[in-house]
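Remarks on the structure that follows.
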There are 2 protein chains.
Amino acid sequence: MSTPSTDAPLSGRRAQAARNDAVILDAAREVFMAAPDAPVSAVAHAAGVGISALYRRYASKEELLATLCLDGLRRFVEIARAARDTADPWGAFEALLRGVVDADVHSLTVHLAGRFAPTPEHGALAEEAGRLAGEILRRAQDARAVRSDVVDTDLPMVYEQLAAIRLGGPARDAALRRRYLELHLASLRADAEAHGALPGHGPSQAELGARWQREAGTGAAR
Amino acid sequence: MSTPSTDAPLSGRRAQAARNDAVILDAAREVFMAAPDAPVSAVAHAAGVGISALYRRYASKEELLATLCLDGLRRFVEIARAARDTADPWGAFEALLRGVVDADVHSLTVHLAGRFAPTPEHGALAEEAGRLAGEILRRAQDARAVRSDVVDTDLPMVYEQLAAIRLGGPARDAALRRRYLELHLASLRADAEAHGALPGHGPSQAELGARWQREAGTGAAR
DNA sequence: ACATGTGCGGAACGGAACGTTCCGCTACTG
DNA sequence: CAGTAGCGGAACGTTCCGTTCCGCACATGT
């Protein structure tokens, strides 16, 4: 909340506003990652600004969430691209999962889905993300590094499970997720297949896509 | 909503009321398992009764949740006892996890915790449940069936992760959970330890116990 | 047959939470 | 020095939900 005007060409009020842009988005990310249905006032409080500063930038809560989700999708694609460029097939697969879990990117995407009307850009990025992850998985399976009976739609389910780990602060949760990611990785290795094939089949694209539809509250009948 | 008076000594109005006891509790279980913060009216609707029928039996929503949770803890203990009586150490371990996940008992216990003031009976049952699970785990580890670097507090985290799988109806979710439970089981086997030890340490009892404390809403600051 | 009270449906009530708007102030800008 | 961009936070209107309450229907006991 200081460093008056050394890092930007703008000064005074204008600079403060520019800085607030980032502060607010960071606060929103932190707050909504911890609680997707947190009130807008919580974001303002976390950012150390008033509510007006928020509504000056985003027309509605929905727009803020859509922006945040877009940001998350871009992070996912970035992580996936970096992972894909890893030479070793298992290394690439491992990098993908570790990257996604470490950045907690799942909380920024799927957990926000259904709370705003998705734009075409959301769709395009989600598709690209799926394509990259699928490529990494296929390569790892072709190299007999990852068991052959997992499918690409199983991966979001792994993220989903790890994102459900919420016990302490963000730091403690990150440590716990690393611990349990290690277990997931062990179960996905090719040699784990020796103990038996996976029953049933992974989610369909339709089942995964259904989350992006706007739906009311908690899902219980009125 | 029929069979007038053939299965109970009571008849007419009295029998209907007795039957409603079960209908309401079943409806409450179904509704709150799907959405822990569902409104009371949703339970009444699912049970096909009015709200009065509900409040005649439970003084408050909190009391209903406490009853439901007690019910869940008893189920857990029952499942754990049956598993413990399995001769094969790995079989017992497997039976425990399969039983807990199949009955979706986690949604009935921990997901309800924090929404009501726990009674001493909740504490006693939770302790008994922990004792049984710990015994089963230790036996499986002593037999070198389960990897040595998992601890008893890791098990609730496995349930937690599997309970987070919510895509379609209850039936589809159960099938998906069975699929991913298979992965978890593979990762917990002793031979999975060859690929490396688990980083960090499992949750402490204090971390797990903190969920039973009453806390406001979603966790975001006001 | 009739008075009685139990059990219940669902409207009504009171309060809490939240998204959004609006007023007024501050301090840069030109 | 007038004008205004940016903002803090109170206020507003709405939605949601737990709980209460009123009146009805029917089984029960005489």
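Source: prediction; values computed, not measured. Lettering follows sequence order; numbering is per chain, from 1.
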### Message
Of the listed nucleotides (C:dC22, C:dT20, C:dG7), which one gets closest to any side-chain atom of A:Y55?
### Response
C:dT20
### Query
Once you round it to whole Å, what is the distance between P of C:dC18 and CG of A:L64?
16 Å
### Task
Can you tell me the distance, in whole Å, between the NE2 atom of A:H45 and the P atom of D:dA10?
14 Å
### Task
Consider only side-chain N and O atoms of A:H184 and A:S187, and report whether a donor and an acceptor are under 3.5 Å apart.
no
### Task
Calculate the interatomic distance between B:Y58 atom OH and C:dC8 atom P; express it in whole Å.
12 Å
### Query
Rounded to whole angstrom units, what separation is found between the CG atom of B:D37 and the C1' atom of C:dA16?
15 Å
#### Entry: Nucleotide C:dG10, atom P - distance to CG of B:L54 in whole Å
14 Å
### Query
Can you tell me if the side-chain N/O atoms of B:N20 get under 4.0 Å from OP1 or OP2 in C:dC8?
yes
### Query
Where the side chain of A:R56 is concerned, which of C:dC8, C:dT20, D:dG6 is the nearest nucleotide?
D:dG6
### Task
Quickly work out the B:I51 CD1 to D:dC22 P distance and round it to whole Å.
16 Å
### Query
Are A:R57 and D:dC7 close enough that a side-chain N or O sits under 4.0 Å from OP1 or OP2?
yes
### Task
For B:V49 and for A:V40, locate the closest nucleotide of DNA chain C by heavy-atom distance; then report the residue assigned to the nucleotide nearer the 5' terminus.
B:V49
## Note on the structure
To the nearest angstrom, the CZ-P distance between A:R19 and D:dC7 comes to 11 Å
### Query
Does A:K61 or B:G50 map to a spot on DNA chain C nearer the 5' end, using the closest nucleotide for each?
B:G50
### Query
From C:dT20, D:dG6, C:dG7, pick the nucleotide closest to the side chain of A:A17?
D:dG6
### Task
Kindly indicate whether the side chain of B:E128, heavy atoms from C-beta on, has any atom under 4.5 Å from the side chain of B:R81.
yes
### Query
Under 6.0 Å between the ring centres of B:H106 and B:F76?
no
### Query
Is B:F93 close to B:L155 at the side-chain level, that is, under 4.5 Å between some pair of heavy atoms?
yes
### Task
Counting heavy atoms from C-beta on, name the nucleotide in D:dC7, D:dG18, C:dG9 closest to the side chain of B:A53.
C:dG9
#### Entry: Side-chain donor/acceptor of A:S52 to base of D:dG8, under 3.5 Å
yes
### Task
Taking only the side-chain heavy atoms of B:P39 (C-beta and beyond), determine which of D:dC21, D:dG18, C:dC22 contains the nearest atom.
D:dG18
### Message
So that I know where these two stand, are B:H111 and B:F32 an aromatic pair - ring centroids less than 6.0 Å apart?
### Response
no
